[in-house]
Peer 1: 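Below is a structure I'd like to ask you about.
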Amino acid sequence: MEVHAMTLTLTRDERGGLTHGPAPRPPRWPRWVTGWLFVLPAVALFLLMGAYTIANGLLLSFAKWNGFTPEWKWVGLDNYADLLGADPSLAGDLRRAGWNTLQVMVAVPALTVAIALPLAMMLNSITRLRAFLRSVYFLPYVTSGIAVYYAWRYVLEPDGAINLLLGALGLGTLRQPQGFLGNPDTALPTLILVLVWSAVPIATLLYLSGLQAIDRGLVEAAQIDGAAPRHVLRRIIWPLLRPITVAIVLLGVRDALHGFQIFLVMTNGGPGGHTDVLGLMAYRLSFMKGLSPTLGVASALGWLLFAGAVLLTLANARMLRRVE
């Protein structure tokens, strides 16, 4: 015999008498309320550290401020005009930093593609130790950047390992008595090579994934028809890998526009400004000018770099649509 328990409550009917009935259930929250309660901390953190910071930085680009005075001095578009040539004291440094940035933007993606694609093809062609070699080539990407930059700086010093190795191999004429980072002619090319060294691993893995996704039948059919390896690369593999190449180039350009850590740690823009870039200049205008009201100019430079990155992203999207 089953006994069904039910909680009864006394309620008054229309005549005022007492009747028995089931207890009312407590109200349930809508599911969307529960969902918002879970995401609310993340949204609040984004609004505080993201949206507020971005909006504040945009407003700061229209003002003069040194970071300590209680009020800003609004100057409108003067900061942007100064960056575009109105301020002679900034023109020379901006021109040099812009030229260095342009060299990095062109050289790093080009060298990365030129090294990563053959490396990926070699890894794709071997069967033994593929996983081991892939891990070895990926190590530069997962290693802490700041620690690696310090290690490279020690290696490139006048008494560093590279000069010692060149002397041991009988290539003393290639040694740099000032160090590779102390010579104005070799400082920027050396930093470009270090950037390429750190960018090749991820590019190699992207190319390797693309090569493994290519239908092997296309390559075999071309080989049966007598196509040479260079023709297979040019006519089949390269067109199919073009979207990956565009992505790799965009990543290199983005790092050249916004990355400044390697230039700060290894040379701080030296010698004589030969390794100065726009990102490093924005950092110095923000934090290395003492009480000078240059935070607004630094913010304006950051927003100009952001606009350049957006334009490059739009160009990349258009190129991808053409490829598809």
Side-chain angles (χ1 to χ4, degrees), residues 36 39-105 108-109 145-146 195 247 249-265 268-269 273 275-320:
W36 272 106
V39 302
L40 185 60
V43 172
L45 183 62
F46 169 76
L47 292 177
L48 177 63
M49 304 299 294
Y52 171 77
T53 304
I54 293 173
N56 203 47
L58 179 60
L59 293 176
L60 182 58
S61 68
F62 300 103
K64 296 287 186 182
W65 191 44
N66 62 5
F68 297 96
T69 56
E71 295 181 357
W72 299 355
K73 179 182 177 183
W74 298 101
V75 294
L77 296 174
D78 288 353
N79 289 332
Y80 293 93
D82 291 342
L83 292 172
L84 296 177
D87 188 351
S89 64
L90 291 174
D93 294 339
L94 277 170
R95 192 180 302 112
R96 181 172 57 241
W99 171 241
N100 293 337
T101 304
L102 180 61
Q103 294 182 71
V104 176
M105 286 173 56
V108 172
I146 301 300
L195 283 171
V249 170
L250 182 63
L251 289 174
V253 172
R254 183 207 63 181
D255 291 340
L257 278 176
H258 296 283
F260 68 94
Q261 297 90 341
I262 181 174
F263 302 95
L264 175 65
V265 171
N268 197 21
T275 59
D276 203 3
V277 292
L278 293 176
L280 180 58
M281 188 172 181
Y283 171 81
R284 283 206 305 268
L285 288 172
S286 299
F287 304 108
M288 309 301 265
K289 291 297 184 179
L291 296 178
S292 300
T294 55
L295 277 172
V297 178
S299 181
L301 180 55
W303 277 99
L304 288 178
L305 293 176
F306 172 76
V310 170
L311 292 177
L312 290 172
T313 302
L314 295 177
N316 175 68
R318 186 172 182 179
M319 291 177 64
L320 285 177

Peer 1: Nearest heavy-atom pair of Met49 and Thr53: which atoms, and what distance?
Peer 2: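 That would be O-OG1, 2.9 Å.
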
Peer 1: For Phe62, look at atom CZ and say whether over 12 heavy atoms of other residues, nucleotides or ligands are found less than 6.0 Å away.
Peer 2: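 Enclosed.
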
Peer 1: Looking at every heavy atom in both Leu305 and Leu257, which two are closest together, and how far apart are they?
Peer 2: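 Between these two residues, the closest heavy atoms are CD1-O, 3.7 Å.
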
Peer 1: Which label fits Tyr283 and Phe287: parallel for a plane angle under 30°, tilted from 30 to 60°, or perpendicular past 60°?
Peer 2: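 Geometry flag for Phe287 against Tyr283: tilted rings.
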
Peer 1: Looking at Gly273, is its backbone amide N or carbonyl O close enough to the side chain of Arg96 to form a donor-acceptor pair, meaning the two atoms are under 3.5 Å apart?
Peer 2: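 Here the side-chain-to-backbone pair exists.
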
Peer 1: Looking only at non-hydrogen atoms, find the nearest pair between Phe263 and Val104 and report the distance.
Peer 2: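 Here Phe263 and Val104 meet closest at CZ-CG2, 4.1 Å.
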
Peer 1: Give me the atom names and distance for the closest heavy-atom approach of Asn66 to Leu295.
Peer 2: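 Scanning both residues, the minimum pair turns out to be C-CD1, 3.7 Å.
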
Peer 1: If you compare all heavy atoms of Ala282 against all heavy atoms of Ala298, which two are closest, and at what distance to 0.1 Å?
Peer 2: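 For Ala282 versus Ala298, the nearest heavy atoms are O-CB, 3.6 Å.
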
Peer 1: Between Lys64 and Asp78, does any NZ, NE, NH1 or NH2 come within less than 4.0 Å of an OD or OE carboxylate oxygen?
Peer 2: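 Looking at Asp78 and Lys64, the cut-off is not met.
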
Peer 1: Could you report the tightest heavy-atom contact between Thr101 and Ala256, atom names first, then the distance?
Peer 2: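 Looks like CG2-O, 3.6 Å.
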
Peer 1: For Trp303 and Leu58, what are the C-alpha separation, side-chain angles and deciding distance, and is it a side-chain contact (heavy atoms from CB on, under 4.5 Å)?
Peer 2: CA-CA 7 Å; Trp303 277 99; Leu58 179 60; 3.6 Å; yes

Peer 1: Using atom types as modelled and distance alone, determine if a side-chain donor or acceptor of Asn100 lies under 3.5 Å from a backbone N or O of Asp276.
Peer 2: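 Pair found, side chain donor or acceptor close to backbone of Asp276.
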
Peer 1: Does Trp74, at its CH2 atom, have more than 12 non-hydrogen atoms belonging to other residues, nucleotides or ligands within less than 6.0 Å?
Peer 2: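 Atom CH2 in Trp74 is crowded, with more than 12 foreign heavy atoms closer than 6.0 Å.
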
Peer 1: Between Ser299 (side chain only) and Leu60 (backbone N and O only), is there a donor and an acceptor less than 3.5 Å apart?
Peer 2: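 Not at all, since once roles are kept as given, no pair shorter than 3.5 Å links the two residues.
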
